[in-house]
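Beneath this line is the structure, given in structure tokens, with notes to follow.
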Amino acid sequence: MKSKIEGKLFNNILDIVKQIPKGKVATYGQIATIAGTQNPRLVGFALATLKEDTEIPWFRVINSKGKISFPEQSDGFKIQYSLLQNEGILFDAKNRINLKQYGWKSF
DNA sequence: GGCTTGACTTACA
DNA sequence: CTGTAAGCCAAGC
């Protein structure tokens, strides 16, 4: 057992992402701020280190532009796209999510 | 133990 | 609208 947690902010980020309600999405900056860090990259990094069997809804995390962070040709994009639609979230003509409607509000 | 990269954001020109 | 620069934390080598 490790007496030290592997990055307190890191653990915080994952915990916050798990708290995103269904049908809502949150931006990296939003999560980073709530987690207590000024580095949104850690949010992406935290999600990048997740396992396949993770229970964390990483697909509900998008960038400030309201778009998926993956290239449209990437499989990750397709997967996240499908999962979000499955949650009831739709995209506009520019493949962007309407944060005004689906944006997650802080607790 | 030090440097580079990374699913990013915000500000300015 | 696009492009460049700085900020900041953790993992990998």
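Note on naming: letters A, B, ... go to the chains in the order of the sequence lines (proteins, then strands), and numbering restarts at 1 for each one.
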Among [options], which nucleotide has an atom closest to any side-chain atom of [X]?
| X | options | value |
| --- | --- | --- |
| A:Y28 | C:dG7, C:dC9, B:dA7 | B:dA7 |
| A:W58 | C:dC9, B:dA7, C:dC1 | B:dA7 |
| A:A48 | C:dC9, B:dT9, B:dA7 | B:dA7 |
| A:Q38 | B:dA7, B:dT9, C:dC8 | C:dC8 |
| A:T49 | C:dA10, C:dA11, B:dT9 | C:dA11 |

Provide, to the nearest angstrom, the distance between the [atom1] atom belonging to [X] and the [atom2] atom belonging to [N].
| X | N | atom1 | atom2 | value |
| --- | --- | --- | --- | --- |
| A:I68 | B:dA7 | CD1 | P | 15 Å |
| A:K65 | C:dG3 | NZ | P | 12 Å |
| A:L9 | B:dG6 | CG | C1' | 17 Å |
| A:L99 | B:dT9 | CG | C1' | 14 Å |
| A:K67 | B:dT9 | NZ | C1' | 16 Å |
| A:K8 | C:dC8 | NZ | P | 19 Å |
| A:L14 | C:dA11 | CG | C1' | 14 Å |
| A:F10 | C:dG12 | CZ | P | 9 Å |

About how many Å separate [atom2] of [Y] and [atom1] of [X], when rounded to the nearest 0.5 Å?
| X | Y | atom1 | atom2 | answer |
| --- | --- | --- | --- | --- |
| A:N39 | A:T33 | CG | OG1 | 11.0 Å |
| A:L50 | A:I56 | CG | CD1 | 4.5 Å |
| A:T54 | A:L14 | OG1 | CG | 7.5 Å |
| A:K67 | A:L99 | NZ | CG | 12.5 Å |

Exercise. Using purine N1 to pyrimidine N3 plus N6-O4 or O6-N4 for Watson-Crick, or N1-O2 and O6-N3 for G-U wobble, each under 3.5 Å, what pairs with B:dG1?
Worked result: none
Exercise. For B:dG6, which nucleotide in any strand shown is its Watson-Crick or wobble partner with both distances under 3.5 Å?
Worked result: C:dC9
Exercise. Of A:F45 and A:I62, whose nearest nucleotide on DNA chain B comes first from the 5' end?
Worked result: A:F45
Exercise. Parallel, tilted or perpendicular: which describes the rings of A:W58 and A:F70, with under 30° parallel and over 60° perpendicular?
Worked result: perpendicular
Seminar exercise, completed: In numerical order, the residues of residues 70-87 of chain A whose heavy atoms come under 4.0 Å of DNA chain B are A:F70
For this session: Determine whether more than 12 heavy atoms belonging to other residues, nucleotides or ligands lie under 6.0 Å from atom CD of A:Q38.
Result: no
Exercise. Is A:S64 near enough to B:dT9 that one of its side-chain N or O atoms lies under 4.0 angstrom from OP1 or OP2?
Worked result: yes
Problem set entry | Residue pair A:I16 / A:W104, side-chain heavy-atom distance below 4.5 Å | yes
